[in-house]
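In this chain, residues are counted from 1 in sequence order. On a predicted model such as this, the values are computed, not experimentally measured, just so you know.
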Amino acid sequence: MKRRTLILVLSCLTTVVPTTVMATVGYQFNGIGQYELGMSGAVVAAPGDAMTVISNPAGLSEIRPQGDASAELFNPSRTASFGQGKIGSHTNVYGTPALGWMVPISGNRLFLGGGFFGTAGLGVNYLQSPFFVPSPTSPSTLLPATLKAYSSISMMIAALGIAWRPTHRLSLGVALDMANENVSFQETESGSENGMPFQVGVNFASPASAYGIGVTIGALYQVNSLVTLGATYRSPLFFTPLTWQEGAESVPNPVTGGIQQTGGPGQYSMQLNYPQEIALGIALHPGKRFLVSLQGQWFDWRSTLNTVTINGPWNNGAPLVMDTNWRNVWVGAIGLQYHLSHIFTVRAGYSHGSSPVGPRNLYPNLLAPAIVQNQVSVGATENLGRGWQLVEAYMHAFPASTQGEIPGTEIPISASLAENAFGVQVNYLF
């Protein structure tokens, strides 16, 4: 049976887009810091610490002056089948930091906050050998080769926000988001034919950096002592191009098994922006100790991941344009919090989201499809005295899998993804 070669670049690119949810929504993290993680991200109407500057800057007016530091371990488990048996990723642990602070600047009217936040990070490291590929000189002949598929993405955002409380019920906030993303990826198939080595694919394994900017605006309205409403709009993050200085590149044809496009040595570049999003929430306080927070969120992934374009010294003179066909995503979440005592607080959460990747567009997103949908979390806070707090959280995203076919063939492909995260945070309340 003749194997149809994957569009190698396209598969890699789907792993390097900023996401992000410690469970993930696409590649956006579902919560920043351990309070938000323990609430499964349902915090737009229920700010709990200085990380609110990035989730809803209006929340700066509702927390005590403080400084927060969070460290988290993210553990995604991925497998994929390219039509030749399942393989697993060899890199499964990522570290994510977050630092936040808030200080009042004008009594109980104006509040300033900011910080540095790891908001996305993921990648894969697949190796499969033997992996049979069409001969570069005779596509009808299959040769044993080694598939190497690697990618890495990390994104940090430095946010500076201000909140204004015009009335005792209403708070408004805005934050400037300045981001840095680092991206590297490689997918190559290497072997030998008649004693002569060959390699096809793309190799952008040297990290490239890009810088982006965007804004987040938010509002909180306290209807009464029992109900608070919250809303956030985050603009797209517009990034400068990612650039690589690389040698010859080649892109296999997914139908014929031959080479679709080649490029010579020189500079290659692409632009990966982050989509706009909207979040609406309601926080209910049925008692002084109990909090219920509900949230709905929309991510405009289609505006940034419908296609991806790579510019460079391609031999046909045209850029490489690839269809990733990501769909927009809706996410619903609920977070619960209960103060057991003045020392100890517990919380739990659940979120469910649609997947931007389905069976029909699994092929170009095969290496790391963002397909998890159901996530649960638990967390706790201990007041240690003299303003110090310790916060912990754990998240589990239930395994999800998708099956499809290589376009133009009946060759089955599949992907699966599950996630775990655990973190610890230290707060100091002034």
Side-chain angles (χ1 to χ4, degrees), residues 18-33 35-63 98 100 113 115 117 119-120 155 157 159 161 163 170-177 179 214-223 227-237 274-284 291-304 326-337 347 349-356 370 372-375 377 395:
T19 105
T20 149
V21 251
M22 296 308 202
T24 49
V25 176
Y27 293 97
Q28 166 69 20
F29 291 156
N30 189 12
I32 307 300
Y35 166 75
E36 295 191 2
L37 184 63
M39 295 286 285
S40 283
V43 297
V44 70
D49 57 25
M51 311 306 178
T52 188
V53 69
I54 199 167
S55 55
N56 185 354
L60 294 170
S61 66
E62 303 300 316
I63 63 173
F117 311 96
T119 61
M155 186 168 77
I157 290 181
L170 177 65
S171 296
L172 304 172
V174 61
L176 176 66
D177 301 325
V215 296
T216 302
I217 58 176
L220 282 172
Y221 183 73
Q222 185 175 349
V223 178
V227 179
T228 302
L229 304 178
T232 298
Y233 170 75
R234 179 175 293 169
S235 77
L237 278 171
Y274 188 79
Q276 63 181 339
E277 61 183 84
I278 298 172
L280 301 174
I282 181 171
L284 307 175
L291 165 67
V292 180
S293 181
L294 303 170
Q295 182 169 306
Q297 205 163 0
W298 172 76
F299 293 83
D300 187 20
W301 283 110
R302 185 169 177 80
S303 67
T304 56
W326 271 38
R327 303 175 297 195
N328 292 337
V329 167
W330 293 88
V331 179
I334 180 172
L336 308 174
Q337 179 175 270
R347 58 188 63 93
Y350 167 76
S351 67
H352 173 81
S354 58
S355 170
V372 292
Q373 294 182 288
N374 297 290
Q375 306 147 14
S377 63
M395 179 283 305

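Looking only at side-chain heavy atoms (C-beta outward), Tyr233 and Val215 stay at 4.5 Å or farther from each other. Between Ile63 and Asp49, the closest side-chain pair of non-hydrogen atoms is not below 4.5 Å.
Nearest heavy-atom pair, Ser171 versus Glu62, reported as atom, atom and distance to 0.1 Å: OG-OE2, 3.2 Å. The nearest pair of heavy atoms linking Leu60 to Ala163 is CB-CB, 3.8 Å. Here the closest non-hydrogen pair linking Ala45 and Leu229 is CB-C, 4.1 Å. The two atoms that bring Ser40 and Ala333 nearest to each other are O-CB, 3.6 Å, heavy atoms only. Nearest heavy atom pair, residue Arg234 against residue Asp177, reads NE-OD2, 4.3 Å. Nearest heavy-atom pair, Leu220 versus Pro47, reported as atom, atom and distance to 0.1 Å: CD1-CG, 3.9 Å.
Rounding to the nearest 0.5 angstrom, the gap separating the CD1 atom in Ile54 from the OG1 atom in Thr232 is 11.0 Å. The line from CG of Leu170 to CD of Gln222 is 11.0 Å long, rounded to the nearest 0.5 Å. Note: Leu172 CG to Ser61 OG = 8.5 Å, rounded to the nearest 0.5 Å. Between Ser293 atom OG and Leu336 atom CG the span is 9.0 Å, to the nearest 0.5 Å.
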- Task: Take Met51 and Tyr35 through the side chain to side chain contact (heavy atoms under 4.5 Å, CB included) test and state the conclusion after the steps.
- Result: CA-CA 9 Å; Met51 311 306 178; Tyr35 166 75; over 6 Å; no
Practice prompt. Test side chain to side chain contact (heavy atoms under 4.5 Å, CB included) on Glu36 and Ser55 and set out the steps.
Written response: CA-CA 9 Å; Glu36 295 191 2; Ser55 55; 2.9 Å; yes
Give the C-alpha distance, both sets of side-chain angles, the deciding distance and a yes or no for side chain to side chain contact (heavy atoms under 4.5 Å, CB included) between Val292 and Ile334. CA-CA 7 Å; Val292 180; Ile334 180 172; 4.3 Å; yes
key: side chain to side chain contact (heavy atoms under 4.5 Å, CB included) between Ile157 and Ile32, intermediate numbers included   = CA-CA 11 Å; Ile157 290 181; Ile32 307 300; over 6 Å; no
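Using a 30° and 60° split on the angle between ring planes, Trp330 and Trp298 fall in the tilted class, from 30° to 60°.
Counted within 6.0 Å of CZ on Arg302, heavy atoms from surrounding residues, nucleotides or ligands total 12 or fewer; the atom is thus considered open.
No donor-acceptor distance shorter than 3.5 angstrom exists from the side chain of Asp300 to the backbone of Glu277, with no hydrogens or angles considered. Panel note: side chain Gln295, backbone Ala279; no donor-acceptor pair is recorded below 3.5 Å.
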